Trainee: 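Below is a structure I'd like to ask you about.
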Amino acid sequence: RSDSNSIYEMKYNDDLGDLMLDASFTHSSLGEIYQLSVLSPNHYADSSSKMILTTHRRRSTSSYYTSTLLLDTVLWKMPSNTTTTNSTTNSEDARDSLTTEQYDEDDIAIETQVLEELVNFSTIQSDKTVSAACWNTHQDSQVLTTCTDKQQQQQQTTHTSTTNGEMMVQLWDVTNVHQPIWTTGRMPSSNNTPTIVCDPHDPNRIAIATGCDVIWMDLRCAPTSSNTTTMTLKGCHRYGITDLDANPNRPFVYVTAGQDSLVKFYDIRQLLTKSTSSRDSSSTTTATSCTSALLKIIKGGHTHWVSSVRYNPYHDQLLVTSGTDSLVNLWRMSSISSAPILEMGEEDEELIMPTTSFGTTNDENDYYHHYNKNRSSHQQQVEMPVDTTAPDINVQKYEHQESVYGTTWIDPWCYVSLSYDGHVVLHHVPSKEKYKILL
C-alpha cells in the first residue's frame with residue numbers, strides 16, 4: 001500500500017546490545033521503496049547534512065497489479081533535529097534501564113517527520129526513468145544512477161520480465177544536478193532492478209549487475225564514449241542476479257547472489273588479462289563466460305531467491321546472505337579471504353569451541369533481538385551441526401516468518417535483517433568465530 005510507506009532510522013546501543021527506533025519519516029505519497037542508499041556517517045560533519053537516496057515505485061495506472069513498473073530516484077535531506085519521546089517516561093535513565101526483552105516499539109512514541117526533497121533524478125530528465133542509485137563511496141558528493149527511456153520501460157509490462165532493453169549509467173554531483181558529469185553509452189539491460197557497486201580498492205572502477213551479467217566500467221574514460229565498459233561477465237546466474245558486493249579487503253574479488261538460490265564468488269583478474277589482450281587487438285571491451293573467473297559457489301544455503309549478500313566490512317572471512325525462503329545465513333569463507341584462518345589443533349579447538357552443536361553457544365551475549373511489537377516464537381535460530389574445523393562453513397542460520405529482503409552489517413560483529421512482515425532482527429556473530437578470526 002502506497003499510504004503506509006515509511007523510512008525508519010534506528011540506532012544500535014552498544015551498552016545494551018540492542019536496536020532503538022530513533023526517528024520515523026513519511027514516504028506515504030510515493031510508492032514502495034526498492035532501494036535505499038544512505039550517505040555514510042563518516043562523510044558528514046553533523047546531522048543537518050545527512051542525506052539518503054530512495055528508489056521507489058511509481059505507478060503508470062491506478063491498478064497496482066497490472067500497472068507498468070516505473071521507478072523514481074529521489075535525493076532527500078533528513079531533518080537536523082529528530083525527536084524521540086518515551087511514552088511511559090521522559091527519563092533517559094529509565095529508557096537505559098530497559099532490558100532487551102522489555103524493550104519494544106510500544107515503549108517509544110515516534111513523531112513522524114517529513115523529509116526534504118532535494119533532487120528527483122527522473123524529473124531532471126523527463127524522457128528517462130532512474131531505476132537504481134548509490135553513493136560514490138570515494139566521493140561523498142557524487143551519486144551513480146542507471147536510467148532507461150520511459151517509452152522503453154512502459155513496453156515491459158511485468159516486473160519479472162527478462163526482455164532485453166538498453167540502459168545508461170550516469171554520474172552526478174549533488175551540488176550541481178542540472179546535468180550528469182559523466183554518462184556511458186547505451187548498453188543491454190533487463191527489467192530486473194540493477195545493482196551498482198563501487199570498487200573499494202579502485203576509485204575509478206564501478207560494477208553494475210543487470211539481468212544475468214555483471215559489467216565493469218572505468219570512470220576515467222571520456223563521457224559517452226563506447227569504451228567505458230571494460231569487462232562483462234556473462235551468465236553469472238541462470239535466472240538473474242539479485243545482489244552484488246565487493247570484497248572490502250581483497251582486491252578484484254566480487255560476490256553475486258541470484259534467483260537460482262546460489263551465491264558465487266569471482267576473481268576478475270582473469271577478466272582484466274583478457275580485456276588487456278582484447279584492447280591490443282583493437283577491441284574496447286571483452287565479454288567472458290563466468291567459469292573462467294569463478295572462485296567458489298555456495299549451494300544449499302537457500303532454497304529460493306537469494307535476495308541479499310553482504311561482506312563483513314572489516315573481516316572478509318564473514319559474509320551474510322538472506323533470501324525469499326525466509327532464511328538468513330552467516331558464512332565463514334576463509335579459503336578465499338584476505339587472511340585465511342589457519343587450521344587449529346584439537347587442544348585449541350576444544351578450548352575455543354566447547355559446544356558440540358554448531359549454531360549454539362555458551363556465551364550469553366550471543367542472542368537474537370526482534371524489533372517488532374508482534375514477536376513470534378516461529379522465528380528461530382536453526383542449529384546446524386557441521387565440521388567446525390573446515391575453512392568454509394555455514395556459521396549460523398536464522399529463519400524469519402516471511403521473505404527476507406535486506407541485510408546489513410552495523411559493526412564488525414553485528415548485523416541486521418529485514419523481512420517482508422516488517423521484522424528487524426539483530427544478529428551477533430558467535431564468540432567462537434570472533435576468536436578464530438582475531439587470535
Side-chain angles (χ1 to χ4, degrees), residues 40 42 134-138 144 195-209 213-220 230-233 236-237 241-258 262-276 286 288-299 301 306 308-322 329-344 389-395 407-415 429 433-439:
S40 170
N42 298 326
C134 77
W135 292 97
N136 185 345
T137 55
H138 301 283
L144 286 156
T195 302
I196 311 173
V197 172
C198 296
D199 192 311
H201 309 282
D202 187 345
N204 299 306
R205 182 184 296 134
I206 60 172
I208 299 96
D213 308 331
V214 181
I215 303 171
W216 281 267
M217 298 182 179
D218 193 330
L219 296 177
R220 291 170 296 185
T230 57
M231 299 173 292
T232 301
L233 197 59
C236 296
H237 291 268
I241 300 172
T242 55
D243 203 7
L244 172 71
D245 200 14
N247 189 310
N249 298 337
R250 184 179 173 186
F252 308 111
V253 175
Y254 286 78
V255 59
T256 61
L262 302 178
V263 178
K264 298 184 179 182
F265 299 83
Y266 297 95
D267 188 337
I268 65 171
R269 283 177 292 185
Q270 293 286 340
L271 306 182
L272 288 170
T273 302
K274 295 186 177 184
S275 178
T276 302
T286 180
T288 308
S289 171
C290 65
T291 56
S292 63
L294 187 62
L295 285 176
K296 191 174 285 289
I297 303 177
I298 296 179
K299 298 180 180 179
V306 184
S308 174
V309 59
R310 288 290 180 272
Y311 266 109
N312 185 304
Y314 303 94
H315 309 289
D316 63 315
Q317 299 93 335
L318 300 175
L319 76 155
V320 60
T321 63
S322 63
N329 285 301
L330 175 65
W331 304 92
R332 183 217 302 159
M333 303 301 294
S334 174
S335 67
I336 54 175
S337 68
S338 60
I341 299 174
L342 299 177
E343 184 177 353
M344 294 183 295
T389 62
D392 304 330
I393 63 170
N394 186 318
V395 176
T407 53
T408 190
W409 292 87
I410 58 176
D411 77 2
W413 309 114
C414 296
Y415 57 98
V429 176
E433 285 300 313
K434 300 180 189 179
Y435 298 144
K436 277 195 171 186
I437 293 173
L438 296 176
L439 298 181

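What you are looking at is a predicted structure, and each value in this text was computed from that prediction instead of being measured. In this chain, numbering begins with 1 at the start of the sequence shown.
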Trainee: Taking the side chain as every heavy atom from C-beta outward, state whether V263 and F265 have any atom pair closer than 4.5 Å.
Mentor: yes

Trainee: With under 30° as parallel and over 60° as perpendicular, where do the rings of W413 and H315 fit, or are they tilted in between?
Mentor: parallel

Trainee: Starting at NE2 of H201, measure out to CG of N247 and round the result to the nearest 0.5 Å.
Mentor: 6.0 Å

Trainee: Working to the nearest 0.5 Å, report the span between CG of L233 and CD1 of I215.
Mentor: 10.5 Å

Trainee: Specify the closest pair of heavy atoms between K296 and S335, including all atoms of both residues, with the distance to one decimal.
Mentor: CE-OG, 3.3 Å

Trainee: Verify, without hydrogens or angle tests, whether K264 (side chain) and H237 (backbone) share a donor-acceptor contact under 3.5 angstrom.
Mentor: no

Trainee: Using every non-hydrogen atom in the two residues, find where P203 and L219 come nearest and quote the distance to one decimal.
Mentor: O-CD1, 3.8 Å

Trainee: Between W409 and P313 (side chain of the first, backbone of the second, donor and acceptor by atom type, cut-off under 3.5 Å), is there such a pair?
Mentor: no

Trainee: To the nearest 0.5 Å, what is the distance between CE (M333) and CG (L295)?
Mentor: 9.5 Å

Trainee: To check you understand the geometry: which heavy-atom pair defines the closest contact between P200 and P248, and what is its length?
Mentor: CG-CA, 4.1 Å

Trainee: Would you please test Y311 and V253 for side-chain contact (heavy atoms from CB on, under 4.5 Å) and show each step?
Mentor: CA-CA 11 Å; Y311 266 109; V253 175; 3.8 Å; yes

Trainee: Just verifying a value: how many Å separate N329 CG and N394 CG, rounded to the nearest 0.5 Å?
Mentor: 4.5 Å

Trainee: May I ask you to decide if A257's main-chain N or O and D243's side chain share a donor-acceptor pair within less than 3.5 Å?
Mentor: no

Trainee: Closest approach of S337 and D316, non-hydrogen atoms and distance?
Mentor: CA-OD2, 3.3 Å

Trainee: For a quick test of reading the model, state the closest non-hydrogen atom pair linking I208 to M217 and the distance between them.
Mentor: CD1-SD, 3.8 Å

Trainee: Mind checking salt bridge (charged side-chain N to carboxylate O under 4.0 Å, His left out) for D199 and listing every partner two or more places apart, or none if nothing turns up?
Mentor: R205

Trainee: State, without any angle test, whether D213 and T232 hold a side-chain donor-acceptor pair at a distance under 3.5 Å.
Mentor: no

Trainee: Just by modelled atom types, is the V306 backbone N or O under 3.5 Å from a matching donor or acceptor in the T242 side chain?
Mentor: yes

Trainee: Check whether any side-chain N or O of R220 sits under 3.5 Å from a backbone N or O of N204 as a donor-acceptor pair, and report yes or no.
Mentor: no

Trainee: Which heavy atom of L318 sits nearest a heavy atom of E433, and at what distance?
Mentor: CD2-OE1, 4.4 Å

Trainee: Looking at side-chain heavy atoms only, is the closest gap between I437 and R332 below 4.5 Å?
Mentor: no

Trainee: Would you compute the distance between atom OG of S308 and atom CG of L244 and round it to the nearest 0.5 angstrom?
Mentor: 11.5 Å

Trainee: Look up atom OH in Y415 and atom CG in L319, then write down how far apart they are to the nearest 0.5 Å.
Mentor: 10.0 Å

Trainee: Do Q317 and K436 have side-chain heavy atoms sitting under 4.5 Å apart?
Mentor: no

Trainee: Can you check whether A293's main-chain N or O pairs, donor with acceptor, with D267's side chain at less than 3.5 Å?
Mentor: no

Trainee: Out of V395, T407, T321, which one pairs with L330 under the side chain to side chain contact (heavy atoms under 4.5 Å, CB included) rule?
Mentor: V395

Trainee: Hey, are the side chains of W331 and V255 touching, using non-hydrogen atoms and a 4.5 Å cut-off?
Mentor: no

